[in-house]
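One structure is given below, encoded as structure tokens.
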Amino acid sequence: MPKQTLADLPDLHGKRVLVRVDFNVPQDAAGNITNDRRIRAALPTIKTLLDRGAAVLLMSHLGRPKGDPKKDAAFRMNPVGERLQQLLGCPVKKVDEVVGPQVEAAAKAMKPGDVLLLENLRFHPGEQKGDRAFAQQFAALGDAYVNDAFGTCHREDASMVAVPAAMAGKPRVVGTLVAKELEILDRLLSAPERPFVAILGGAKVSDKIGFIKALLGRVDRTLIGGAMTYTFLKAQGRGVGGSKVEADKLDVARELLALGGAKIVLPVDHLIVQRLDAPETAKVVEGDIPDGWIGVDIGPKTMTRYREEIVAARTVVWNGPMGKYEDNPYSKGTRVLAQALADAKAVTVVGGGETAEAVEEFGLDAKMTHVSTGGGAFLEYVEGTPFKALAQIDAKRA
Ligand code: 3PG
Ligand code: MG
């Protein structure tokens, strides 16, 4: 059922809007944000609310803090607040608490156009427990609730479910980002133009069984790459040398191969090395991978074949890199496919953190129809999992 959006919100002048965003961004060991895509993706919602005279109260989690105050310092929202302030071009006030008197005072002091960022929601045990009393404290702070955290929509954390539940009667809508993600994914799932090609890569088959099954029922072709290739090849009794294989998932791989039949295309050649840290040993092999060698990328014949399928498609969905793309000598397959998507006259949707980051690194993100901010959420939505978080959002009026 279509959800209400920012356009459905009443007059916001002088109102406080509680916005759940997904600012769970990757950081390096020193705490620097290595990719701010999720922060940039929330800007349209924040700007729209500010333009309409609201005060915006932002809440997010960051990483998976363990409840150890010393170690958890690395999960504070300060770097996120600083980056948001730069990107937004207006002051962002950050409070060091999740709930409590300090938060209440800061929220009550807000004026139209103010932006307040709360501390990492997961510092409070109530967040991941979906605790109602915890949620009630947020609910009291806002005149309206906006869910713009697509990347977290598959979670049942308090800020995603119990907070909007506690705000029943006040407007509860999705933000611009969530509306866009849902629109494009719904289009992909309900009426894709054909040929519809899926590209599946990444390390593990086991992470994506439901996703692969869901797609096999819908697509015309599934192109396989990444380390999951070797589990599929091994399941077919092929030689994979020392490549990474999920030995306990061979049955699952066989089941998926039987389910997909001719729709599933596996690589015909591979880039192989003797050791991961020895790119100078790299060579291309067709067919089986010999003992003592490890597959790290798809080979040139596979790249050509996959490129042909992609440029002939009208809809393409891609999740998971083709090889160990983060090491430059092994990134070619992923790069060639990203370029093929950029060249295709198709609706192209890229999902999953790694794949999205790869496409950005290649400078090709703007050439895609849509790069999802969801990792797990993207996979689960395509699988058809109903999201409790979205069930709390008001439906569009008929
Ligand atoms: C994500 O990046 O998957 C979301 O932000 C949710 O985070 P989580 O997987 O730690 O729940
Ligand atoms: Mg996750």
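One-based numbering, in listed order, for ligands and for the atoms of each.
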Nearest neighbour in protein (non-hydrogen) for [atom]:
{"atom": "atom 2 (O) of ligand 1", "result": "Arg38 NH1, 3.0 Å"}
{"atom": "atom 7 (O) of ligand 1", "result": "His61 NE2, 3.1 Å"}
{"atom": "atom 8 (P) of ligand 1", "result": "Arg64 NH2, 3.4 Å"}
{"atom": "atom 4 (C) of ligand 1", "result": "Gly151 O, 3.3 Å"}

Show the atoms of ligand 1 that are less than 4.0 angstrom away from any heavy atom in [X].
{"X": "Arg122", "answer": "7 (O), 8 (P), 10 (O), 11 (O)"}
{"X": "Asn24", "answer": "1 (C), 2 (O), 4 (C), 5 (O), 7 (O)"}
{"X": "Asp22", "answer": "4 (C), 5 (O)"}
{"X": "Arg155", "answer": "8 (P), 9 (O), 11 (O)"}

> Salt-bridged, Asp327 to Lys324, with N to O below 4.0 Å?
Replying inline: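 Counted as a salt bridge, because a side-chain N and a carboxylate O are separated by less than 4.0 Å.
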> Should the pair Lys388-Glu156 be classified as a salt bridge under the 4.0 Å nitrogen-to-oxygen rule?
Replying inline: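 Salt bridge present between Lys388 and Glu156.
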>> Once you restrict to heavy atoms under 4.0 Å, what part of Glu380 touches ligand 1? Side chain, backbone, both or neither.
In response: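 Within the 4.0 Å criterion, Glu380 makes no contact with ligand 1.
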>> Below 4.0 Å, non-hydrogen atoms only: which portion of Gln128 touches ligand 1? Side chain, backbone, both or neither.
In response: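 For Gln128, there is no contact with ligand 1 at all, from either part.
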Is it the case that [X] and [Y] place a side-chain donor and acceptor less than 3.5 Å from each other?
{"X": "Asn32", "Y": "Gln27", "value": "no"}
{"X": "Asp269", "Y": "Thr302", "value": "yes"}
{"X": "Glu181", "Y": "His370", "value": "yes"}

>> I'd like to know if the side chain of Asp157 and the backbone of Ser159 have a donor-acceptor N/O pair within less than 3.5 Å.
In response: no
>> Check for me whether the distance between the ring centres of Tyr325 and Tyr330 falls short of 6.0 Å.
In response: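 For Tyr325 and Tyr330, the ring centres are not under 6.0 Å apart.
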>> Test your reading of the structure: does His154 have an N or O sitting under 3.5 Å from an N or O of ligand 1?
In response: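 No - when backbone and side-chain N and O of His154 are compared with those of ligand 1, no distance drops under 3.5 Å.
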>> Please evaluate residues Lys204 and Glu246 with respect to the criterion salt bridge (Lys or Arg N to Asp or Glu O under 4.0 Å), reporting the C-alpha separation (whole Å), side-chain torsions for both, the decisive distance (0.1 Å), and the verdict.
In response: CA-CA 7 Å; Lys204 291 184 182 167; Glu246 281 182 282; 5.5 Å; no
